[in-house]
Amino acid sequence: MSHTVRLREALAAVPVYKPGKPAAVREGVTAYKISSNENPYPPLPSVLQVVADAAMQMNRYPDLAVTELTQALARRLGVPAEHIATGTGSVGVLGQLVAATCDPGDEVIYAWRSFEAYPIVVALAGADSVQVPLDGHARHDLAAMAAAITDRTRLILICSPNNPTGPVVHQDELDGFLDEVPPQVLVVLDEAYVEFVTDDRAPDTLATYASRPNVAILRTFSKAYGLAGLRVGYAVAHEPVAQALRKTAVPFGVSTIAQQAAIASLAAFDELQERVDALVAERERVVSGLRHQGWHAPQTQANFVWLPLRADTAAFAAAADKEGLVVRTFAGEGARCTIAETEANDRLLHVARKFVVARTF
């Protein structure tokens with residue numbers, strides 16, 4: 001006799017997260033995976049040593065309260081320790097945010113296309129996604145997002161820089177938008193790529209959060225800090241929200257190794273800043289090169305570039321793959337390409353030049 005286990009109906013609405021494909025091994029060609037927005041630099045020696053030391057404690061549970069890292073973040077950011085909540089990467093904290101704010105049938109507003117985990121975590125909570133299209137410059141349409149607010153809206157996500165397109169929201173437009181948001185609706189500023197931002201119009205989100213009780217900040221150690229494999233992120237939010245995030249966290253989710261590596265990375269940020277600066281310089285070189293070739297690439301402020309290929313997306317990915325380059329595709333929309341090693345960036349420009357010559361956009 002066969003029985004079918006009853007699962008939640010909400011699972012039928014949950015899309016599958018698509019990780020970046022690994023680069024295929026090609027004889028005589030160094031393959032590069034530029035599909036996952038990873039930091040191409042290896043861990044700093046000082047961080048590696050801390051990780052090795054922390055591994056000696058892997059038979060013990062980590063600090064449930066993540067006390068030492070929380071205090072280090074509070075000092076670095078100039079915020080109360082009670083305003084910080086940690087989790088397994090920013091996507092883990094995102095899940096905590098949705099769990100803390102949404103009952104089934106509630107609404108979460110976010111731009112689209114944006115971070116592909118958004119519809120997943122919203123659907124898992126039984127809430128409804130309200131996706132507001134980006135504007136013609138691949139930026140958040142904050143006026144349209146404000147117009148989408150209803151009595152069912154519980155959470156608004158603003159991804160800045162936006163993944164996968166790259167632009168940031170600006171302080172003046174963010175302030176105007178927040179003035180229109182009801183005070184009971186939580187607005188989360190998702191800043192996974194904030195360390196790469198050089199646009200002076202980008203918001204001072206710490207000052208914005210400090211003056212608005214319904215604003216929270218979401219950040220990660222996965223990108224600029226190069227700890228993607230250790231899974232540690234955090235939110236900065238006023239105490240009622242931060243307390244709720246601690247309640248919805250997976251107990252002992254952030255390992256001792258991750259906690260200690262994050263603390264060491266904060267201490268070594270001057271070294272990491274040199275790497276960030278180098279990646280930003282490469283980003284500007286790549287964007288300039290693409291535009292010189294005739295591409296209409298948005299003004300990215302992250303560690304990736306967006307190519308609005310639309311119907312040519314799959315063909316471009318195939319052309320890149322032949323050259324040992326794996327990009328992240330969004331069918332019918334475009335390709336996101338991580339700024340990586342100089343050789344990988346040169347190869348991206350080479351593929352893009354050949355492709356644009358072969359096609360008319």
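V79 and V232 fall within a single hydrophobic cluster, where Ile, Leu, Val, Met, Phe, Trp and Tyr are joined by side-chain heavy atoms under 4.5 Å apart, directly or via other members. V181 and V169 end up in the same hydrophobic cluster when Ile, Leu, Val, Met, Phe, Trp and Tyr side chains are linked at under 4.5 Å. Grouping the Ile, Leu, Val, Met, Phe, Trp and Tyr side chains by contacts below 4.5 angstrom, directly or via other members, places F196 apart from L206. If you chain together hydrophobic residues whose side chains sit under 4.5 Å apart, L230 and L48 never meet in one group. When hydrophobic clusters are built by joining Ile, Leu, Val, Met, Phe, Trp and Tyr residues whose side-chain heavy atoms come closer than 4.5 Å, directly or via intermediates, Y225 is grouped together with I84.
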Query - Trace of the side chain to side chain contact (heavy atoms under 4.5 Å, CB included) decision for V250 with T88 - result: CA-CA 8 Å; V250 174; T88 53; 5.7 Å; no

**Report entry** Intermediate values then yes/no, side chain to side chain contact (heavy atoms under 4.5 Å, CB included), L64 and R246
**Finding:** CA-CA 10 Å; L64 176 66; R246 287 188 281 273; over 6 Å; no

Report task. May I have the step-by-step check of side chain to side chain contact (heavy atoms under 4.5 Å, CB included) for V91 and F115, ending in yes or no? Result -> CA-CA 10 Å; V91 70; F115 183 31; 4.2 Å; yes

Report task. Determine, step by step, whether V236 and R219 satisfy the side chain to side chain contact (heavy atoms under 4.5 Å, CB included) criterion, reporting the C-alpha distance in whole Å, the side-chain angles of both residues, the deciding distance to 0.1 Å, and the verdict. Result -> CA-CA 8 Å; V236 183; R219 292 183 179 178; 5.9 Å; no

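Checked by atom type and distance alone, the side chain of N214 pairs as donor or acceptor with a backbone atom of V185 at under 3.5 Å. Between the side chain of E282 and the backbone N or O of E341, no donor-acceptor pair lies under 3.5 Å. Under the 3.5 Å distance criterion, the side-chain polar atoms of E191 are left unmatched by any main-chain donor or acceptor of I217. Panel note: side chain N345, backbone A340; a donor-acceptor pair is recorded below 3.5 Å. Between the side chain of R310 and the backbone N or O of G334 there is no donor-acceptor pair closer than 3.5 Å. Judged by distance alone, with hydrogens and angles left aside, the side-chain atoms of N163 form no donor-acceptor pair with the main-chain N or O of G166 at under 3.5 Å. A distance-only check finds a donor-acceptor pair linking the side chain of T153 to the backbone of T150 [under 3.5 Å]. Put simply, the side chain of S36 never gets that close to the backbone of E38: no donor and acceptor are under 3.5 Å apart. Side chain of R75 to main chain of A81: no donor-acceptor pair is present (N/O by atom type, distance under 3.5 Å, no hydrogens or angles). Looking only at distances, no side-chain donor or acceptor of S90 sits under 3.5 Å from a matching main-chain atom of T220.
At a cut-off of 3.5 Å, with distance as the only test, a side-chain donor of S222 or R231 sits close to an acceptor on the other residue. Under the 3.5 Å distance criterion, with hydrogens and angles disregarded, no donor-acceptor pair is assigned to the side chains of R328 and N37. Looking only at atom types and distance, the side chain of R283 has a donor-acceptor partner in the side chain of T198 under 3.5 Å away.
Residues Q260 and Q57 fail the side-chain proximity criterion, which asks for heavy atoms closer than 4.5 Å. For the pair P43 and V51, the minimum side-chain heavy-atom distance is 4.5 Å or more. Side-chain contact between L272 and S265: present, with at least one pair of heavy atoms (C-beta onward) separated by less than 4.5 Å. I158 has its side chain out of reach of V188: every pair of non-hydrogen atoms, C-beta onward, lies at least 4.5 Å apart. The shortest side-chain heavy-atom distance between R285 and D346 falls under the 4.5 Å cut-off. Counting heavy atoms from C-beta outward, V50 and I263 have side chains that stay 4.5 Å or more apart. When side chains are defined from C-beta on, V93 does not count as touching T86, because their heavy atoms never get closer than 4.5 Å. Contact of the L307 side chain with the C337 side chain is registered, since non-hydrogen atoms from C-beta on lie closer than 4.5 Å.
Across every non-hydrogen atom of A202 and V197, the tightest pair is CB-CG1, 3.6 Å. Nearest heavy-atom pair, Q131 versus P119, reported as atom, atom and distance to 0.1 Å: NE2-CB, 4.1 Å. Across all non-hydrogen atoms, the minimal contact from A319 to F355 is CB-CD1, 4.2 Å. Of all non-hydrogen atoms in T300 and V287, the two that sit nearest each other are CG2-CG2, 3.7 Å. Of all the heavy atoms in I120 and P15, the pair that sits closest is CG1-O, 3.3 Å. Closest non-hydrogen pair, L134 versus R113, comes out as CD1-O, 3.3 Å.
Separation of atoms CG (L218) and CG (D190) is listed at 4.5 Å; rounding is to 0.5 Å. Taking CD of Q293 as the start and CG of L349 as the end, the distance is 5.5 Å to the nearest 0.5 Å. The structure places OG1 of T329 at 10.0 Å from CZ of R336, a figure rounded to the nearest 0.5 Å. With rounding to the nearest 0.5 angstrom, the CG atom of L325 is 11.5 Å from the OG1 atom of T30. Atom CG in L189 sits 6.0 Å away from atom OG1 in T205 (nearest 0.5 Å). F269 CZ to L44 CG: the interatomic distance, rounded to the nearest 0.5 Å, is 11.0 Å.
When the shell of 6.0 Å around CG of D151 is examined, it contains 12 or fewer heavy atoms from other residues, nucleotides or ligands. The environment of E68 atom CD is sparse: at most 12 non-hydrogen atoms of other residues, nucleotides or ligands sit within 6.0 angstrom. Counting heavy atoms of neighbouring residues, nucleotides and ligands inside a 6.0 Å radius, atom OH of Y61 does not exceed 12 of them. Within a 6.0 Å sphere centred on CZ of R8, heavy atoms belonging to other residues, nucleotides or ligands number more than 12. Counting heavy-atom neighbours within 6.0 Å of E9 CD, excluding the residue itself, gives a total of 12 or less.
The pair E173-R201 does not count as a salt bridge, with every side-chain nitrogen at least 4.0 angstrom from each carboxylate oxygen. Classification of R154 and D128 as a salt-bridged pair fails, no side-chain N sitting under 4.0 Å from a carboxylate O. For the pair E271 and R275, the salt-bridge criterion is not met [side-chain N within less than 4.0 Å of a carboxylate O].
Ring-plane geometry between Y209 and H83 is classed as perpendicular, the angle between the planes exceeding 60 degrees on a 0 to 90 degree scale with a lower cut at 30. Ring-plane geometry between Y110 and W112 is classed as perpendicular, the angle between the planes exceeding 60 degrees on a 0 to 90 degree scale with a lower cut at 30. Relative orientation of the Y234 and F221 rings is tilted, given thresholds of 30° and 60° on the angle between their planes.
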